[in-house]
Amino acid sequence: MNLIILGLPGAGKGTESDFIVKKYGLIHLSTGDIFRSNIKNGNALGIKAKEYMDAGQYVPDEITNKLVAARLQQLDIKTTDFILDGYPRTIDQAFYLDKTLLTINKPILVLYLAINEQTVVDRLSSRRVCLQCGRVYNLKFSPPKINNKCDIDNQTLIQRSDDKAATIKTRLQVYKKETLPLVTYYQNQGLLKTIDANLENDKVRATIEQYLLENDNG
Ligand code: AMP
């Protein structure tokens, strides 16, 4: 069971991936996390990626594709299945991924978290993260116990620079133009399962679990 999780920024891809990874023991491959860790390290890839991310734009396909393909060739992928979170995001990335998956002989299923745009705008603008442990909070829906401090390590929470209002707007526009066509792409191949991500979290999870169970059995 190798998965792609697809949806608007703020639809819950990271949160649901964490849940799936814990429950089913998959490897979590998040391109956003990979870029952020490179930014934290201050290396050349991080510096390049930051330019695009801060502007709400996508990192160019040739950089992103190579990064993911190299990761998918690593030894652990042979024995353990994975969930791709935030990749592919363009049709060219999807084509490239199809080719890579053929070489490693891994079939995929796609979970599509469908959600209203206004809901993600609300979620993204109140999202805060701990840079130390990666935990994600929402000031409205899942605030930390102490104001602006991480429950786990007491670090000050930050707002991702791409979660600022102006950048959110660009990200949504880019998503609609570049990523939304992937819904049809995977739907046409019969690989897409649409999940109503406007619902409460336990309902979203129940739908995901049901779907994964059906696919495991069959
Ligand atoms: P995320 O954490 O998935 O929301 O990703 C944060 C940002 O990283 C995105 O807004 C893009 O700038 C960049 N990024 C992540 N994944 C990709 C991708 N597959 N293609 C291009 N850019 C990406």
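Quick note: numbers below take in every heavy atom, side chains included, and nothing from hydrogens, waters or symmetry partners. Predicted model, so just to flag it, every value in this text is computed and none were measured. When a ligand or atom number is given, it counts from 1 through the structure's own listing order.
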message = Please list, in number order, the atoms of ligand 1 under 4.0 Å from a heavy atom of Thr31.
response = 15 (C), 16 (N), 17 (C), 19 (N)
query = What do you reckon, are the aromatic ring centroids of Phe95 and Tyr185 less than 6.0 Å apart?
reply = yes
ask   = Any side-chain donor paired with an acceptor under 3.5 Å for Asn154 and Gln132?
value = no
Val59, any N or O under 3.5 Å of ligand 1 N or O = yes
inquiry  = Please list, in number order, the atoms of ligand 1 under 4.0 Å from a heavy atom of Arg36.
reply    = 2 (O), 6 (C)
task = Before accepting this row, confirm whether a basic side-chain N of the pair Lys13/Asp85 lies closer than 4.0 Å to the acidic partner's carboxylate O.
result = no
message = Quick test of your reading of the model: are Asp33 and Arg36 salt-bridged, counting only N-O distances below 4.0 Å?
response = yes
key: Residue Arg160 vicinity, atoms of ligand 1 by number, heavy atom under 4.0 Å   = 1 (P), 2 (O), 4 (O), 6 (C)
Subset of ligand 1 atoms that lie under 4.0 Å from at least one heavy atom of Arg171 = 4 (O), 10 (O)
ask   = Can you list the atoms of ligand 1 that are under 4.0 Å from a heavy atom of Thr64?
value = 18 (C), 19 (N), 20 (N), 21 (C)
task = Tell me, please: is Gln57 in heavy-atom contact with ligand 1, that is, under 4.0 Å?
result = yes
ask   = Cation over ring, Arg89 on Tyr175, under 6.0 Å and within 45°?
value = no
remark   = Distance col, row Leu109:CG vs Tyr186:OH, nearest 0.5 angstrom, shows 11.5 Å
